[in-house]
Peer 1: 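Mind having a look at this structure? Questions to follow.
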Amino acid sequence: MPATREPEADLSVLPKADGSARYSYAGYTVTGSVNGPIEAQRRDEHAYEAHVDVIVRPAAGVGGTRERHLETTLQSSLTQLILVKNFPRSLIQIVLQVESAPENDYVNTKLVQASLNFAIIPALLQTAVLALLSAAVPMRATATSAIVAVVSQDGASELVADPSPREVEAAQSVHVLAFTSQDELLLAESEGDFTVKEWDDVYDTAKRICCQSGATKGESIEMVLDEKGDNGPDMRQFLRSTLETKVVADLYWK
Amino acid sequence: MAQPTLTFPRPVFAKLSPHPFLLRSLCPQSESDPAGRTNGRAPREARSINIHTSSLSHAHGSAVIRTGDTTVICGVRAEVLPVASIPQFRPRAAFEEETETSKRAELKNYDLLVPNIELATGCAPQFLPGVPPTALAQTLSTRVYSLLHGSGMVDVEDLRIWKRQKKEGEMEVDEDGEEEREEQELVGYWVLYVDLLFVSFDGNPFDAAWTAVVAALKDTKLPVARWDTEREAVVCSRESRPLKVRGLPVACSAAVFLEKEYGEPGEGRHWILLDPDRLEETLCREVITMVVDCSSGETRIRAIEKQGGTVVGRELLRGFAGVAEQRWKEVSKAMQ
Amino acid sequence: MADRRRINGPPGATIPPIYEDASDKSVVTRQPPRSRPANAIRQTYLKTGVTPSASGSAYLEVEMAGKPGVSGLKLSCTVHGPRSLPRSSLFSPHIILSTHVKFAPFATKQRRGYLRDPTERDLGSHLEAALRGAIIADRWPKSGVDIIVSIIEGDQDRETSRQQGDEAWDMMNTLSGCITVASAALADAGIDCVDTVAGGVAALVRDDADNGKPKIVIDPVPSEHDKIEAACCVAYLPTRDEITNLWFKGDMPDDDMATYMELVQQGIQASKHANRVLVQCIGETVG
Amino acid sequence: MPREAEPSLNERQFVLQALTENLRLDGREFDKYRPLELTFGDEYGVADVTLGKTRVLAKTSAEVTVPYVDRPLDGIFTIATELSPMTSPAFELNRPTETEVLLSRLIEKTVRRSGAMDTESLCLVAGQKCWSVRVDVHVLSHDGNLTDAACFAVVAALRHFRKPDTSMEGGVLTVYTPAEREPVPLSWLHSPFCVTWSFYGEEGEIALLDASWSEEQIRVGSCTISLNRHGEICQIAKLGGTPVEAVALLQCTNVALTKVKEFSTFLDKKLAEDAKRRDKGGLMAELSAENDR
Amino acid sequence: MTTESLLVLPGDEIDPSLIPTHKKNPLRLGPGLRHVPPNHILPTVAGQLVADHRKTSLYVEYNGGRYIPSVSDLVIGQVTRSAADLYYVNLNPYTPNASLPHLAFEGATKKTRPQLAPGALVYARISLANRHMDPELECVSATTGKAEGLGPLTGGMIFDISLGLARRLLMARSREAGGIAVLELLGAEGLAFETAVGRNGKVWVGSENTKTVVLVGRALKETDEKGLDVEQQKKLVQKLIKQMR
């Protein structure tokens, strides 16, 4: 099935959780729930701040080592966004349930995969941020994330935003970057074979996707123009409009 | 008469209030006591690394890595996987030509590389046995696995086991003799179990573990294997051949230490501590790892992992590539 | 069910390499018969403080016997504690020992799994018994100590298991090593013991060389002998002349009490040898 | 882990009082289900089921693997129902609660043990290769009556699922990718469903269908009846609780049958609709979409 | 009252012109905002920034999330157990209990204090709340010594509603300011019932008539979940009343 061209999201889809979101983009659909601040177990209790617990659940099969890795990555990033010091000794629990991932019709993939799953990080992070906003958990800033692959087309290498599984498979390098709403680099994960220069170009593309509406500080526009690969969506604008809808709905009575 | 001042011996200070302890040490006090890390290193100074290979007699390749107080042992053991016992096995059709991508997929889909990291050896007080692998252990294993595949160090061709039928005439079996006269059929693969055991843990596990993996793979010698038609099985002769290992990716990690322990991000000063030790790791949230390979002459980046903070931005990351190159030189020297 | 916390290999089973010469006896190049005197142990290397972050630690290595494919013993041991027991646990007037012995996956000729197997539990309990007799336990009420031995390389010959089909002999050497190395680590941790306990192994062997007449040797290497009739592993406190743990295995005529006693005696001898190494090593670290 | 909150005394008293006056808090009659909705995902074998505020997602997957030694001629068929903290913070991973155990057992009995799927058809090479079909049940939101919702989701997902096509030539097994050959459905024998009654009052004389979370919390007993549209009963589970009149139970079973027939026709309708939808697009459309991406 | 409003997300820069200023009384920061020294004011939640120049106050209007206790909030709690001299009361699930001293009731003495069994409901005011301590409750006004409607809630039924609705119901002029009229409409229909609204997203409804309670509950829930305005609330009430008769 064709993957969604534009990101879509619904907030507060789970009536029982404090906050929740369903996010789908580029073939990924993730539902996230947030509960907290709630009572933390003794082992997770921290005297000065809330413990952020992230659980990633694959659509099929039991979570394995790579889900743990994703959890570690997300946890360290989200802890930066949430004002954890507001809730000492408590727990903020984020569960991210993958509903579907883009399927590669050209291979029969195994259920349990051990390798890092780069492509899914943006979807997970985006869902988590939306769910946190829906749960009105106090945050320092929001964040947006993008994935860019460097694909070599007959010699010349080009940047592809939101690559398909096949493109990822054949890509020279794959990069996931996330920026806070203050334009700081929150997360950077790269894999493959590339140079500092290539990473620099990737950075520009990712930054544009993530921070466009917020900061169009002339992020090397000309480079953008002569790049034929699709420019990818404007994540920050997407985040804003999604929340706009929610807030308007919440405050319908005003 | 001098004021009695309350002073702790360093270890007590370190235990009671680690953050101020490290902070104080990093801030220049006076000429007499220059700024530096509590472990006596300069911020951008890594621990020297010591590599010792083929010390294990039951493994096909092995390495012991010592860097500071971190000691890790890696053993590579090869076992035979007959194609018959690969459920999803599918011979390559004649028309499909073999690409780098297809080879990597083959290596991955048939699980021919199996790395695992064991921390629960009491290598540090927080790692006691009798518990399932911690999130850290699992994360490390995943990172090693991904880098093993991502870096393409091992060529699946090197792990294939063939059944060869001579057209005519007996001739001595030769592993990579691609004579036209013989037709060959893929009968199995070598599976490489890469097991890592931490004997002593003092921070920066990934760099040490990865170095151990690379060293052990370079040390690996596979028995020469062939298909025995009588026994209907893969048999090996005593002589062995070294595993071909492409490139030399080297991992280089650092942690960001913030002046304010509980302050706003971006507030106050910060230090980038290369090759952090256990104490430093507990005090730092933002970490960065860059894997580079300069063996081809030019510097290629193989992986970047930066998370847990917002200090390291584009400029710092660019700069860090230089640091990683330096580290590569040191490690590749140690590999000799 | 595959372990979801580890990276699992292929679903189908993998086979350790089968060597073409393995089948015909002719090529089985047997170990040159034992060169050292019957009452001598192999060269042993012992070092403490290999794991600085632990309360105490030690590393023990027994030299390889001459031929390749035969590994010596490589053990590393860490001690954590004494530390207060968790609130949940019951009151205990003395220190609680918890011993773990784990083979590294690459320690033996068959790749070891990560989950603890019975052999490892046996070794653990033997070790626990051996040490309990040495530690002054009531000096730490309400506290516990963890003693972890990682077997980096087991004392084992690639061929023997096929010849004798019994790992027990190897296990005995391994156990005695565990006892010695743990004892060193305890000393390094400054945990008071009544005496330094050390392990020793003696075996009743039968060699064609001396036309099948049984004789007793200490610190036996199975592959150096045609047949091992029986063996015992003792944990022994030299100054107090006490045995804290004794593991005896094999078959001997039940009337032959003398040989039995002799075997144990020799075990004690072996342990005394080990003890010398131990004391010297501790001496170095302390002095 | 934080414990589930007990209902307040007021709540207990009131809900009972209301029931004796033939009132449910949401105004339903006693034998009415909350609105049941079913949506299929883009890929095969995904069923998203909502029952009021209860929401369950079932995902089917299949891969070729090695059969169990003791069952060389059978494929592997597993249903995994792990409740995550998403369902409620009271649930912890790898720590099955009673709810979880009961749920998985009921579904196991209803779907797997009743031979809803022909597992022998999953065997590819005797003793060597077989299909392992797996359904993962994800409870996204728990507002009561998980069992019925989950069971419905599982059956729907399995019937919607297509597994890769295979062929055997000269002893060589080939598993075709979706791009090569259109995947094929599982060989399905019958569709069982769960219908759960909750009982209230001293003799459990009051019986409710599809109890909500708050109703479940104060029930004195429950009974899950699993059967298919032909009225063949797969299992009945009345696990403890207040004893209930046998006659009453019979009545429950009769009502259950009518409900199951409704479920069954509803599912058939949904499957038909989905098939039509896909036919329009069809695999070719998918591929072209794949290409121009 | 003079208010401007716009959507803010956590960390957004707030246009200084929006920040009310006053000669003497200092700026009062309401919920959803934080002050980052020296002079940054940043939103911490997504919502509508409301600046009240008359009160020189600034806050973010939003709905949803978990209730976080704050002093002088009226809440409905459930007694979990009784200790030597206080009750442990749960305000919302999975959070630590609040404590309610046995003597924090109108005219309560060791003898006369109300005996509350586990599971009993109380309508209370939060007397102490801060991030480092579990909250404390009182069912009597410290100043007047009167209950002022606080105390045990007997009979009736409790319904969960969104924090936003709870806030609106508690507004002085809930119809005008909060756009919520469903309760008074039901009253106008001649239904006899009493309610207690807890800031922690709970409404207690008591009445002689069970039907009435169920009906009020459904009216509230539907209004909340469907986000009905006053007109729709009227229709809803009509519908429900018809159903009941």
Side-chain angles (χ1 to χ4, degrees), chain A residues 48-49 64-77 79-81 83-85 107-110 112-118 140-141 143 166 169-171 173-180 182-200 203-204 207, chain B residues 88 90 99-102 104-105 108-109 111 113-116 133-143 145-152 247 249 261-262 264-266 285-288 290-291 293 298-314 316-318 321-322:
Chain A
Y48 300 102
E49 53 181 48
T65 49
R66 80 162 172 184
E67 277 69 28
R68 297 296 89 68
H69 175 270
L70 287 170
E71 288 164 3
T72 319
T73 306
L74 289 162
Q75 198 252 7
S76 74
S77 305
T79 309
Q80 290 294 310
L81 299 175
L83 289 168
V84 283
K85 288 165 213 74
V107 292
N108 289 312
T109 42
K110 294 206 311 304
V112 184
Q113 302 262 357
S115 56
L116 296 182
N117 184 0
F118 270 52
R140 202 188 115 234
R166 293 189 81 199
E169 203 179 56
S173 59
V174 187
H175 311 259
V176 171
L177 288 87
F179 295 85
T180 66
Q182 276 106 9
D183 296 353
E184 308 149 311
L185 179 62
L186 178 66
L187 176 77
E189 304 264 318
S190 306
E191 177 174 70
D193 184 352
F194 54 102
T195 62
V196 178
K197 170 75 180 71
E198 281 174 314
W199 185 81
D200 248 0
Y203 181 96
D204 289 324
K207 177 104 186 235
Chain B
Q88 75 278 31
R90 185 168 177 180
T99 65
E100 187 56 32
T101 314
S102 73
R104 290 194 182 192
K108 215 177 217 164
N109 294 339
D111 303 286
L113 303 175
V114 191
N116 274 294
T134 56
L136 174 63
Q138 295 186 53
T139 305
L140 287 172
S141 300
T142 311
R143 289 172 67 189
Y145 179 99
S146 294
L147 194 48
L148 262 179
H149 284 284
S151 61
E261 187 169 9
Y262 292 110
E264 280 289 309
R285 282 199 166 150
E286 185 167 9
V287 289
I288 168 161
M290 193 182 278
V291 181
D293 188 344
E298 68 161 334
T299 304
R300 309 289 303 181
I301 308 178
R302 287 324 190 71
I304 296 176
E305 188 148 339
K306 167 235 135 75
Q307 50 181 249
T310 52
V311 170
V312 177
R314 175 185 224 155
L316 273 169
L317 228 146
R318 277 210 199 101

Peer 1: Measure A:Thr195 against the heavy atoms of chain B and call it side chain, backbone, both or neither at under 4.5 Å.
Peer 2: both
Peer 1: If you round to the nearest 0.5 Å, how far is CD of A:Glu191 from CG of B:Leu147?
Peer 2: 7.5 Å
Peer 1: Please confirm whether the backbone N or O of B:Gly308 pairs with a side-chain atom of A:Gln80, one donor and one acceptor, at under 3.5 Å?
Peer 2: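 Flag set: sc A:Gln80 to bb B:Gly308 pair under 3.5 Å.
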Peer 1: Does any backbone or side-chain atom of B:Gln88 lie under 4.5 Å from a heavy atom of chain A? Answer side chain, backbone, both or neither.
Peer 2: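 Side chain of B:Gln88 only, per the 4.5 Å heavy-atom cut-off to chain A.
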Peer 1: Within this structure, what is the CZ-OG distance for the pair A:Arg66 and B:Ser141, rounded to the nearest 0.5 Å?
Peer 2: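 It comes to 15.0 Å.
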Peer 1: Within the structure provided, determine whether A:Asp204 and B:Arg314 are in side-chain contact (heavy-atom separation under 4.5 Å).
Peer 2: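 With C-beta onward as the side chain, the pair touches.
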Peer 1: Could you go step by step and tell me if B:Thr139 and A:Thr72 meet the side-chain hydrogen bond (donor to acceptor under 3.5 Å, both in side chains) rule?
Peer 2: CA-CA 8 Å; B:Thr139 305; A:Thr72 319; 3.1 Å; yes
Peer 1: Which value, rounded to the nearest 0.5 Å, describes the distance between A:Leu81 atom CG and B:Thr310 atom OG1?
Peer 2: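 If we round to the nearest 0.5 Å, A:Leu81:CG and B:Thr310:OG1 are 9.5 Å apart.
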Peer 1: Which atoms of A:Tyr48 come close to chain B, meaning under 4.5 Å heavy atom to heavy atom: side chain ones, backbone ones, both, or neither?
Peer 2: side chain
Peer 1: Is it the backbone or the side chain of A:Glu49 that comes under 4.5 Å from a heavy atom of chain B, or both, or neither?
Peer 2: side chain
Peer 1: Between A:Val196 and B:Ala321, which heavy-atom pair has the shortest distance, and what is it?
Peer 2: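 It is CG2-CB, 3.7 Å.
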Peer 1: What part of B:Ser146 gets within 4.5 angstrom of chain A, counting heavy atoms only: side chain, backbone, both, or neither?
Peer 2: both
Peer 1: Select one option (side chain, backbone, both, neither) describing which atoms of B:Val312 are under 4.5 Å from chain A's heavy atoms.
Peer 2: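 It is the backbone, since no side chain atom gets that close.
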Peer 1: Quick one: does any side-chain atom of B:Lys306 pair with a main-chain N or O of A:Leu185 as donor and acceptor, under 3.5 Å?
Peer 2: yes
Peer 1: Which value, rounded to the nearest 0.5 Å, describes the distance between A:Trp199 atom CH2 and B:Arg318 atom CZ?
Peer 2: 7.5 Å
Peer 1: Roughly how far, to the nearest 0.5 Å, is CD1 of B:Ile304 from CG of A:Leu187?
Peer 2: 11.5 Å
Peer 1: Determine yes or no for a side-chain-to-main-chain donor-acceptor pair under 3.5 angstrom, with A:Arg68 supplying the side chain and B:Leu136 the backbone.
Peer 2: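 Between the backbone of B:Leu136 and the side chain of A:Arg68 there is no qualifying donor-acceptor contact (under 3.5 Å).
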Peer 1: Can you tell me how far CG of A:Asp193 sits from CZ of B:Arg302, rounded to the nearest 0.5 angstrom?
Peer 2: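 The CG atom of A:Asp193 is 4.0 Å from CZ of B:Arg302, to the nearest 0.5 Å.
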Peer 1: Among the options B:Asp293, B:Asn109, B:Leu140, pick out the one with the most heavy-atom pairs lying under 4.5 Å from chain A.
Peer 2: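 Maximum pair count with chain A is reached by B:Asn109.
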Peer 1: Ignoring hydrogens, what is the shortest heavy-atom contact between A:Thr65 and B:Gln138? Give both atom names and the distance.
Peer 2: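 Heavy-atom minimum between the residues: CA-OE1, 3.7 Å.
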Peer 1: Contact part of A:Gln75 toward chain B, heavy-atom cut-off under 4.5 Å: side chain, backbone, both or neither?
Peer 2: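 Contact with chain B: none, neither part.
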Peer 1: Assess whether side chain to side chain contact (heavy atoms under 4.5 Å, CB included) is satisfied between B:Arg104 and A:Glu169, documenting all intermediate values.
Peer 2: CA-CA 9 Å; B:Arg104 290 194 182 192; A:Glu169 203 179 56; over 6 Å; no
Peer 1: Is chain A contacted by the side chain of B:Ile288, its backbone, both, or neither, given a heavy-atom distance below 4.5 Å?
Peer 2: neither
Peer 1: Would B:Glu298 and A:Lys197 pass as an ion pair if we require N to O under 4.0 Å?
Peer 2: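 Not counted as a salt bridge, because no side-chain N and carboxylate O are separated by less than 4.0 Å.
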